[in-house]
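So the structure is just underneath, and the comments pick up after that.
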Amino acid sequence: MRSYPLGHGAGILKHVQANIVAVSDKRQLTHASISHPRLSKFFLPSGGVASSLSERESTTDLLIRAGFIRKSSAGIYSLLPLGIFIQRKLAAIIHRNMYMAGASEISLPSLLSPNAWMATGRWGNTELYKLKDSSDSEFCLAPTHEEEITTLVSREVNSFRQLPLRLYQIGRKYRDERRPRGGMLRGREFLMMDLYSFDTTTEAALVTYGEIKLAYRSIFDTIGIKYEVSEADSGSIGGDLSHEFHFITPVGEDTLITCDSCDYTANVEVATSYPSEDYVRDASNVAVKYGLAADNTLLVIYYPPDRIVNEILIKKELPTYDPSVENPVSEFTRSGDPMLQRIIRIFDERVSEKSSLPDLPVSVNIGNITTLRFPCVEVAPQSHPNEICPNCNHGTLSASRAVEVGHTFYLGNKYSSTLNAHFTAEDGTKKSIEMGCYGIGVSRIISAVAEITRDHHGLSWPVAICPFEVVLVTKPKTERIDDLAIKLYQDLRKAGCEAVIDDRDDKSFGWKLSDAKFLGFPVTVVIGNKYLTDGRVDVECRRTGHSTSCTPEQVSDIVTSILQTEKTVMRDTSS
């Protein structure tokens, strides 16, 4: 390499200009030839178009081999350029719908003080990453932001005139998953959209809840993957109303229960069912489980011995029920006079009060015994088919695996009352703000969509989130073909299509054609020997595999037509 002394900038510039002139003598450089995306200029470490594995490789391995992601450590991944393009498109869809829903974007810190977490009782959460700074002050890496956003709003909002308020962000979250699995489906570091709403009344908060659910439907409709909205448990976040948005896929960790006659869909955690009309109760075969409520009321739960009691359903009916009590009867008997204490008998719908029931474990005043009846066992269509839907009272229930990609919670004042997020109402009284929180797993969607849409060729992205809508595959080292690729790129860009040229000269033409399918671009335009011999090119739809031979002048119209059709296709996730 030729070197120049310091201060001889003019000599260096002259040398560079000479090299540019030399290159220009061989082939004239124009703005068009350098201003369009070429795969040869991308960091795309694709591992090839054929897997060496005898078994079906995981979607995570497929994304790695295709050059979309790289594994850093267990549950932690880097996104490469093509993966970033998908992430940005997902974010753009979310931003657009959040704006339409009246939400303002913010950015909350990832490093959080423990104060608010201690106030809400969540500092002991086992998923928290905790650390200390040089002053021995404790912090955690944010797994979620209910405490932080409530604290922020409590300092800024003091009047009903400042409400309603909807704030959202797209940022990284951190959870100490003991068993990270499924690649980006359940990781330790992930990208998430979280929205928080603040209203003056329960009625207004529920209106907000409905509007955000509609915005979520718009987001998932745009992505183009069929989804289900299910009733769900609020879990550790809390609240009285919760729904999950799911993609149906065998790799999902959740189980959805759905009805074949109505729109009833529920996570198995909160799903209920009734026995079929021909169900025969065995009067002598009844199991019993005991529980204790916070007011020291003993719960006596009767259910079929071949079923499992769903403690979430018990707590839904009796919010003070504490399933963590290990010996409910012992706790009950040593806490005061049993004759003054209460017992609640709970009968699952599959058990009759006429059954031969076990004796009560303690003696109490008969006037202190209350009887309730409701479905309280886990729904299991595989082992107990033909049970009746609780919504329409005649449909049959079935189960399917699913991956959760969105969640909505109505929180009420759980956080606002604890963290002093109050406002002065119109009548001058001070009230707690009514809250809701809403999440979408952005990085999780990338992995879930890849899993659902992949086929034997590789990945197959929906148009709404694909890295590029069109790839122009060129025969290597052919100047006339490269000129046409630039012209077609410009035509497609004028038509509003996102295109990229695969001009990688170190790859064979056949390899690049297979790689176009493998990477999952919705449309491929093939510029090869057919163009050199008869002036025609091929346009192929990735999803259908249908190919059309046409002249270069027809490419833009054909591609536009394919993309318009593809944008209306909702990919089925049940196959």
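Every heavy atom of this structure was used, including side-chain atoms; hydrogens, water molecules and symmetry mates were not. On a predicted model such as this, the values are computed, not experimentally measured, just so you know.
Listed by first and then second residue, the salt bridge (charged side-chain N to carboxylate O under 4.0 Å, His left out) pairs involving residues 91-102 amount to none (not counting sequence neighbours).
Minimum heavy-atom separation, Ile248 to Ser400: CD1-OG, 4.0 Å. Between Ala448 and Val403, the shortest heavy-atom contact is CB-CG1, 3.9 Å.
Only one option out of Glu349, Arg350, Glu378 pairs with Ser273 in a side-chain contact (heavy atoms from CB on, under 4.5 Å); it is Arg350.
Between Arg65 and Glu57 there is a salt bridge, since at least one side-chain N of the basic residue sits less than 4.0 Å from a carboxylate O of the acidic one. Contact check on Asp502 versus Arg504 returns a salt bridge, with a Lys/Arg side-chain nitrogen under 4.0 Å from an Asp/Glu carboxylate oxygen. Using a cutoff of 4.0 Å between basic side-chain nitrogens and carboxylate oxygens, Lys289 and Glu311 are scored as salt-bridged.
Checked by atom type, the side-chain pair Thr408/Tyr209 shows a donor-acceptor distance below 3.5 Å. Counted by atom type alone, Thr249 and Arg401 present zero donor-acceptor pairs between their side chains at under 3.5 Å.
Listed for the Thr568 side chain is a donor-acceptor partner under 3.5 Å among the backbone atoms of Thr565.
Checked against the 6.0 Å centroid criterion, the rings of Phe245 and Tyr216 qualify as a close aromatic pair. Aromatic pair Tyr129/Tyr174: ring centres not closer than 6.0 Å. A ring-centre distance under 6.0 Å is found for Phe42 and Phe85.
Residues meeting the side chain to side chain donor-acceptor pair (under 3.5 Å) test with Ser549, sequence neighbours left out: Arg536.
The CD1 atom of Ile86 sits 8.0 Å away from the CG atom of Leu459 when rounded to the nearest 0.5 Å. Distance check, rounded to the nearest 0.5 Å: CG of Leu112 to CH2 of Trp117 gives 7.0 Å. We find the CG-CZ distance between Leu63 and Arg454 to be 8.5 Å, quoted to the nearest 0.5 Å. We find the CD1-SG distance between Ile212 and Cys437 to be 11.5 Å, quoted to the nearest 0.5 Å. We find the CG-SG distance between Leu128 and Cys140 to be 5.0 Å, quoted to the nearest 0.5 Å.
Proximity of Glu540 to Val473: side-chain heavy atoms (C-beta onward) are nowhere separated by under 4.5 Å.
Atom CZ of Arg172 is surrounded by 12 or fewer heavy atoms from other residues, nucleotides or ligands within 6.0 Å.
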